[in-house]
Amino acid sequence: MKEKTIEAGTTGKPHLEEEFTQLRKVTSNYTIPGDVCGTYAGVYNMLSEADQAYHA
């Protein structure tokens with residue numbers, strides 16, 4: 001995954017559409033596997049929330 005940087009003083013949101021598309025793909029749309037710990041599930045939930053906030 002290519003690293004994104006945000007320049008100081010810029011306005012608007014960073015362009016992360018490719019990253020969120022890839023995350024949705026590798027996580028099956030943030031579907032939490034049944035055999036994971038709470039921390040792992042929490043990461044999936046936070047990624048999903050970040051994706052939703054980015055697209056709001």
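Note that this is a predicted model, so its numbers are computed, not measured.
- One finds the CG atom of L16 at 5.0 Å from the OH atom of Y54 (value rounded to the nearest 0.5 Å).
- With respect to T21, the side chain to side chain donor-acceptor pair (under 3.5 Å) criterion is satisfied by exactly one of R24, K25, E18: R24.
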Donor-acceptor contacts, no H, no angles, side chain residues 30-43, under 3.5 Å, sequence neighbours left out:
residue, atom, partner, partner atom, Å
Y30, OH, D51, OD2, 2.8
T31, OG1, S28, O, 2.5

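- A salt bridge (Lys or Arg N to Asp or Glu O under 4.0 Å) check over residues 37-47, counting only residues at least two apart or in different chains, returns nothing.
- Between Q22 and E19, the closest side-chain pair of non-hydrogen atoms is not below 4.5 Å.
- Side chain of S48 to main chain of Y44: no donor-acceptor pair is present (N/O by atom type, distance under 3.5 Å, no hydrogens or angles).
- Between F20 and H55, the shortest heavy-atom distance links the atoms CB-CE1, 4.3 Å.
- Residue pairs that meet the salt bridge (Lys or Arg N to Asp or Glu O under 4.0 Å) test with at least one member in residues 38-49, sequence neighbours left out, do not exist here.
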